[in-house]
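One structure is given below, encoded as structure tokens.
Note that the structure is predicted; figures quoted are calculated from it, not measured.
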Amino acid sequence: MTIRLVRPEDAEAMAALLRANREHLAPWDPVRPDSYFTLEGQRDVIARQVASLRAGTEYPFVIEQDGAIVGRVTISNVVRGPLQSANLGYWIDHERQGTGLTTRAAAAAVNHARDELGLHRLEAGTLVHNTGSQRVLEKLGFVRYGLAPGFLNIAGRWQDHVLFQLLLHDRDAL
């Protein structure tokens with residue numbers, strides 16, 4: 001398993017992976033238009049992510065296993081200055097859940113945030129009932145610090161999220 005920054009030529013593989021996981025991701029994602037799951041839709045998404053990467057506000061990675069893209073991990077909403085913080089998000093192909101890939105990919109992103117980006121803190125939020133994602137965060141040392149009522153519009157309704165953070169300063173690699 002490796003992570004690498006997304007590239008424009010990943011659009012076709014991402015569209016196919018998202019179509020294969022559309023039902024699986026629906027309870028955890030915002031409602032997406034049909035165009036999101038197309039080649040052109042993913043070209044647009046990746047173009048926006050590459051622009052955010054150039055601006056230093058987002059680091060969109062793909063998760064690869066055996067040469068195939070099997071998921072995503074993203075460091076987003078990067079804030080510099082005295083905060084030096086960002087958000088961490090991730091998902092994995094439904095057929096690879098429970099294999100440890102998500103945890104390893106998220107750990108690689110955490111290390112990148114600390115070692116390459118010099119960030120001090122990462123934050124992640126999960127739906128209250130998303131215990132699998134919460135386990136990933138806890139394995140990485142994230143600490144639950146709050147509950148955000150009606151935090152994000154997921155699956156067509158405003159839903160509560162459990163908030164986690166990980167302080168990276170003076171932390172060894174995962």
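- Side-chain contact between Ile46 and Val50 is present, with at least one heavy-atom pair separated by less than 4.5 Å.
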Go through Thr2 and Arg104 one step at a time and tell me if the side chain to side chain contact (heavy atoms under 4.5 Å, CB included) criterion holds. CA-CA 9 Å; Thr2 60; Arg104 292 196 312 270; over 6 Å; no

So Met14 and Ile69, side chain to side chain contact (heavy atoms under 4.5 Å, CB included) or not? Walk me through it. CA-CA 7 Å; Met14 284 304 307; Ile69 296 174; 3.6 Å; yes

Go through Thr126 and Gln134 one step at a time and tell me if the side chain to side chain donor-acceptor pair (under 3.5 Å) criterion holds. CA-CA 7 Å; Thr126 73; Gln134 291 169 20; 3.0 Å; yes

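- Side-chain contact between Leu101 and Gln65: present, with at least one pair of heavy atoms (C-beta onward) separated by less than 4.5 Å.
- Linking ILVMFWY residues whenever their side-chain heavy atoms come closer than 4.5 Å, directly or via other members, leaves Ile3 and Val62 in distinct clusters.
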Can you check side chain to side chain contact (heavy atoms under 4.5 Å, CB included) on Thr74 and Tyr90, steps first, answer last? CA-CA 6 Å; Thr74 304; Tyr90 46 83; over 6 Å; no

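- Annotation: the span from Leu25 atom CG to Ile92 atom CD1 amounts to 10.5 Å, rounded to 0.5 Å.
- Sorted by first and then second residue, the pairs that involve residues 152-167 and meet side chain to side chain donor-acceptor pair (under 3.5 Å), not counting sequence neighbours, are Arg121-Gln165.
- Across every non-hydrogen atom of Pro60 and Arg72, the tightest pair is CB-NH2, 3.1 Å.
- Salt-bridge annotation for Asp10 and Arg4: present, with a side-chain N of the basic residue lying under 4.0 Å from a carboxylate O of the acidic one.
- Side-chain contact check for Leu122 versus Ser85: every heavy-atom pair is 4.5 Å or farther apart.
- Under the 4.5 Å side-chain criterion, counting only non-hydrogen atoms from C-beta, Thr57 is not in contact with Asn77.
- The stretch residues 31-79 participates, sequence neighbours left out, in these ring pair (Phe, Tyr, Trp, His ring centres under 6.0 Å) pairs: Phe61-His112.
- Dense packing is recorded around CD of Glu9, with more than 12 heavy atoms of other residues, nucleotides or ligands lying under 6.0 Å away.
- Hydrophobic side-chain contacts under 4.5 Å tie Tyr145 into a cluster, directly or through other members, with Trp28, Leu127, Phe151, Leu152, Ile154, Leu163.
- Atom OG1 of Thr99 sits about 9.5 Å away from atom CE of Met1, to the nearest 0.5 Å.
- Between Phe142 and Leu88 there is a side-chain heavy-atom pair separated by less than 4.5 Å.
- One distance of note links NE2 of His24 with CG of Asp29; it measures 9.0 Å at 0.5 Å rounding.
- Rounding to the nearest 0.5 angstrom, the gap separating the CG atom in Asn21 from the CD atom in Glu95 is 8.0 Å.
- Within the 4.5 Å cutoff, side-chain heavy atoms of Leu168 are placed close to those of Val110.
- Looking only at side-chain heavy atoms (C-beta outward), Phe164 and Val143 stay at 4.5 Å or farther from each other.
- One hydrophobic cluster holds both Val162 and Val136 under the rule that ILVMFWY side chains link at heavy-atom gaps under 4.5 Å.
- Annotation: Glu138, atom CD; neighbour count of heavy atoms from other residues, nucleotides and ligands within 6.0 Å is above 12.
- Ile75 and Leu5 fall within a single hydrophobic cluster, where Ile, Leu, Val, Met, Phe, Trp and Tyr side chains are chained together by heavy-atom contacts under 4.5 Å.
- Linking Ile, Leu, Val, Met, Phe, Trp and Tyr whenever their side-chain heavy atoms come within less than 4.5 Å puts Leu147 and Leu137 in one cluster.
- Rounded to the nearest 0.5 Å, atoms CD (Glu64) and CG (Asp66) are 10.0 Å apart.
- Between the Ser133 side chain and the Asn130 main chain, no donor and acceptor come within less than 3.5 Å of each other.
- Considering CD of Gln42 and CD of Gln49, their distance stands at 7.5 Å, rounded to 0.5 Å.
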Side chain to side chain contact (heavy atoms under 4.5 Å, CB included) between His120 and Leu167, intermediate numbers included: CA-CA 6 Å; His120 171 69; Leu167 299 180; 3.8 Å; yes

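- Both Ile63 and Leu53 are part of a single hydrophobic cluster, where members link through side-chain heavy atoms under 4.5 Å apart.
- Smallest separation of non-hydrogen atoms from Ala26 and Ala155: O-CB, 3.6 Å.
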Could you walk me through whether Arg43 and Glu40 pass salt bridge (charged side-chain N to carboxylate O under 4.0 Å, His left out), step by step? CA-CA 5 Å; Arg43 283 183 177 147; Glu40 196 56 42; 3.4 Å; yes

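- In this structure, Leu17 and Asp93 have side chains that are in contact, with non-hydrogen atoms separated by less than 4.5 Å.
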